[in-house]
Structure formats: C-alpha cells, structure tokens
2 protein chains.
Amino acid sequence: MNEPIRRARTGERREQILDVALRLFGERGAGSVTTRQIAQAVGISQPSLYAHFATADAIADELCVRAFDVLHTRFEAMAAAVTDPWDRLDALGRAYIEFGLEHPDMYRIAFMPTRQMQPPQGMTFDLETTDPGLAAGLRAFASLRDTIATIRGGDDGEGPVIAQTIWALVHGLTSLLISKPYFPWAQRERLIAEVLIMARVHLASRRIA
Amino acid sequence: MNEPIRRARTGERREQILDVALRLFGERGAGSVTTRQIAQAVGISQPSLYAHFATADAIADELCVRAFDVLHTRFEAMAAAVTDPWDRLDALGRAYIEFGLEHPDMYRIAFMPTRQMQPPQGMTFDLETTDPGLAAGLRAFASLRDTIATIRGGDDGEGPVIAQTIWALVHGLTSLLISKPYFPWAQRERLIAEVLIMARVHLASRRIA
DNA sequence: GATGATAGGCTATCGACGATAGGTCTTCAA
DNA sequence: TTGAAGACCTATCGTCGATAGCCTATCATC
C-alpha cells in the first residue's frame, strides 16, 4: 500500500538538508521556502531531496519535532531544578511562551497547521505518525501538566480540564504574539507575567482541600 | 459546448462566487480549495474569477470579514440585551468560542495565518488593508473588551493587559479545539465553562477598589 | 579481479497551482 | 449607430511538489 520512503533515512546529507532548511525557514519564513531553494542551498538537485525525505512537509515536521524535543529536555531539567511547584509552574510557563517566540515557525507548524487533520483511520491511530508536531509538543507540555497535578495534590477528576485550560491560556498568548506581531500589544513582559498570575490564581481557586 | 449565457447583473456573480467558495471551504477545508474548483462549481472559467477578485486570497479574506461582521452584530445585540456585566462576559466569551468552532475556516484565516505578516510600510499602515481578517475579528472583540472595562469600573492603566490576557485565554481554547480536534480533550462544555470561570476569577482579583 | 547490491545522485517530465495576456461578445448610453 | 466598458473566453506562463528512469561510486562476496 504505502511504500514510505525509497532510501534509507540515515546519512550526513540528511542532516545537512535539515540544517539548511532550518536556516532558510528562519530567513524567509517556513511557508515560503520551496524544495528547490533548499536543494540549491545544499548543492544538490531538487528531486534528490526525495531520497532523504518522503515529502516536503516531512522536512518541516522533523525540524519541528527536534525543536520541541529540545524544549522537552529543558523542561525536564527545570522540573528537577526548581523544587517549589508554584515557582516551577512559573518557570515552565514562561519557558513555554518564550520557546514559541524564539521558534515561531516550529510553533506554527506544530499548533497552527495549514491543512486539516485527517480523522484517525481505524484502530491504527498513532499520534506520532499522524501529527508528529503535536506529539512532540505534548511531550514538552507533560511537564507542565505534571506540575499542575503536584500543586493540586490529588486527583478529583478535574485535573485534565484544569491542565488543558491552562495550556489553552499559555498557548493563546504565544499563538497571538506570533501570528499578530503588529497588533498594539501591551508590553510583552507584562502580558507574560499577567498570564502566569492568571494561571496561579485559577489553580489556587481549584486546589483540593 | 457553448450554451448562451444569460449575464448576471453586476455584483450578482461576485456574490455567487462567494457563496460557492463558502460551501466548498466547508466541504473540503479552506486550504485545499483551488480557484479552478470554485470556477467550475460556479460555471465559469478559472481566469474569470480575476474579474471579480484581485487574488485568490481575496475571496477567503472577504468571507472572513463577513463572518466576523456577523459575530460583531451578534455581540452588539448581546451587549444590549444582557445588562449584568458578569453575565455579559460569560455570554460574549461563550459566543466567541462557539463562533470559532462553527466557522473554523474563517477563524483560521483570521487568527492562524499561514504566511508571515509583512511589516507595516511607512506611515500609511492601515489594519483594514493589511490584515482585514484581524480587523474584523477585533471589531467583534471590542465588545468583550468594553465589558471587561465596565466590570473593572475604572482605568488604572491595567485595562489593556487584562483584556489582552483574557482574549489570549479565549482564543487559546478556540484555536486548540480547532487545530487539534483529535486530541483527547475533556468534555468540550466543561472546558468552555472552565475558561469562563478562569476569566471571572482573574477579573475579580484585578478589580479596581 | 569480476559481480551485483545499494546508496545517492542526475535529467526529464508530470499534473496542478495562481496568475496574465489578449481577443470576443453583450450591454447600454451618447 | 456606435463605441466604451464589463464580463467572459482560450491560451499560456512560471513555479510548485512529486515521479520515472538512468548513471556512478562503493563495497562485500565469490
């Protein structure tokens, strides 16, 4: 049915392509970089890219996964370093927002996709395959979710709702700052601080007695 | 092959194109509808579209503006009908989220753009021209912002930060529910309710004494 | 050595896309 | 009656992602 790729997925060339693509994404925006531009910058022909990646989107997807894996590592280090869970919540939330602002293209690919998701087919639904960007983003977010669970100190069934709502808050600011940079925003630092306060206040009001 | 064409009156054809495009957007997703598909469904040639719209994106932009203008009208009616400002905040927030879920393509175009914004050129920066989708969305959001100002009952300079943060919250949930429909979300109604509670609690903690 | 598998290139080309050029037909006011 | 304007057409452009098919260097095995 689906022959996934024609050549092996290992090699220096593959890494070089990813490096070049990441640079071009940063220079011109991920959406307006073509396979021909990448190939020319690498020094190979455009069809040769398909020996290393199944589709053009696969290049962006892999860069996205790698970026979020870096965030995930940073999160785990933070979770280990900051013992007070309230402080940890602040640190993680801030790092999450700043990551999005530092890697807007990766954040866009993961959470503001152009194409509609296809419904899961049958029982073989695998998030890693279907939406690798989301999967990588969620690995990072898991630290935030766990910290929220720690703060609440128990499980009353409200955990998912609260975690997902705080995620929506943090994502919302990140997403808007990325997609509408020329909106007359209040000072960015004050917006971030306000969002973190909002999360704290809400979480405090939802604490398990 | 060539049947006699009864010419539409000026403007009718344009409306017909918009109607057909809206239907196709709903059926296949805005991102994967081409000018040729629209033209075929209308019954004209593909280049003929350019007699009515400057670019392909202009069709989507106009549909987006119209959709948000409907939301704006609904908001103003609500603002007039619901006198208690706390209840009004709930009603507006809920309507905003539900609007996004009912018109995911329009919401995407307005707030999850594919291509990077161009920096404003010179002094002639006009939001309506540069980003009509955002402009229409903000007209709608203005009601929410005004209600927040009413609740706070004064101006201590914190208004913009608070309004933008609550916007981020509401937008965040809307955006994630649209872009990640297959994520294992908590019950949608509970998520919406939680977001509205979060806004209320935050706003209460930020009230002017 | 010769051989054959394989990785990694290449050129040529495909179909679809948005968009433009330039001509034709119809309408309608002067 | 005529001529400008508008709406439509066909033909075509350049670019896009992707595929087909061939060539070459390497290297383990015979």
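Letters A, B, ... are given to chains in the order of the sequence lines, protein chains preceding strands, and every chain is numbered from 1.
- Distance A/Phe53 CZ to C/dA7 P: 16 Å, rounded to the nearest Å.
- Separating the CD atom of B/Gln40 from the P atom of D/dC9 is a distance of 12 Å, rounded to the nearest angstrom.
- Among residues at least two apart or in separate chains, ring pair (Phe, Tyr, Trp, His ring centres under 6.0 Å) pairs with a member in residues 54-80 of chain B are B/Phe68-B/Phe99, B/Phe68-B/Phe111.
- Residues passing the side chain to side chain contact (heavy atoms under 4.5 Å, CB included) test with B/Tyr50, sequence neighbours excluded: B/Thr35, B/Gln46.
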Give me, pair by pair, the N or O atoms of the protein and of nucleotides 16-20 of chain C that are less than 3.5 Å apart, along with how far apart they are.
unit_1	atom_1	unit_2	atom_2	d
C/dC17	OP1	B/Thr34	OG1	3.4
C/dG18	OP1	B/Thr35	N	3.4
C/dG18	OP2	B/Thr35	N	3.0
C/dG18	OP2	B/Thr35	OG1	2.6
C/dG18	N7	B/Arg36	NH1	2.9
C/dG18	O6	B/Arg36	NH2	3.2
C/dA19	OP2	B/Tyr50	OH	2.6
C/dA19	OP2	B/Ala56	N	2.8
C/dA19	O5'	B/Tyr50	OH	3.4
C/dA19	N7	B/Gln46	NE2	2.9
C/dA19	N6	B/Gln46	OE1	3.0

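- Note on residues 95-104 of chain A: no pairs pass salt bridge (Lys or Arg N to Asp or Glu O under 4.0 Å), not counting sequence neighbours.
- C/dG8 atom P lies 10 Å from atom CD1 of A/Ile17, rounded to whole Å.
- In this view, A/Arg23 and A/Glu27 satisfy the salt bridge (charged side-chain N to carboxylate O under 4.0 Å, His left out) rule, not counting sequence neighbours.
- A donor-acceptor pair shorter than 3.5 Å cannot be found between the side chains of A/Thr165 and A/His202.
- For the pair A/Leu49 CG and D/dT19 C1', the computed distance is 14 Å after rounding to whole Å.
- Annotation: salt bridge (Lys or Arg N to Asp or Glu O under 4.0 Å) contacts involving residues 86-96 of chain A, sequence neighbours excluded, comprise A/Asp90-A/Arg200, A/Arg94-A/Glu189.
- The phosphate of C/dA7 has neither OP1 nor OP2 within less than 4.0 Å of any side-chain N or O from A/His52.
- Residue B/Ser48 places none of its side-chain N or O atoms closer than 4.0 Å to OP1 or OP2 of D/dA7.
- Put simply, CZ on A/Arg14 is 14 Å from C1' on C/dA7, counting in whole angstrom units.
- For the pair B/Gln16 CD and D/dC8 C1', the interatomic distance rounds to 14 Å; values are reported in whole Å.
- Between the P atom of D/dC8 and the CD1 atom of B/Ile44 lies a distance of 6 Å, rounded to the nearest Å.
- Taking 4.0 angstrom as the limit, B/Ser45 places none of its side-chain polar atoms (N or O) nearer than this to OP1 or OP2 of D/dC8.
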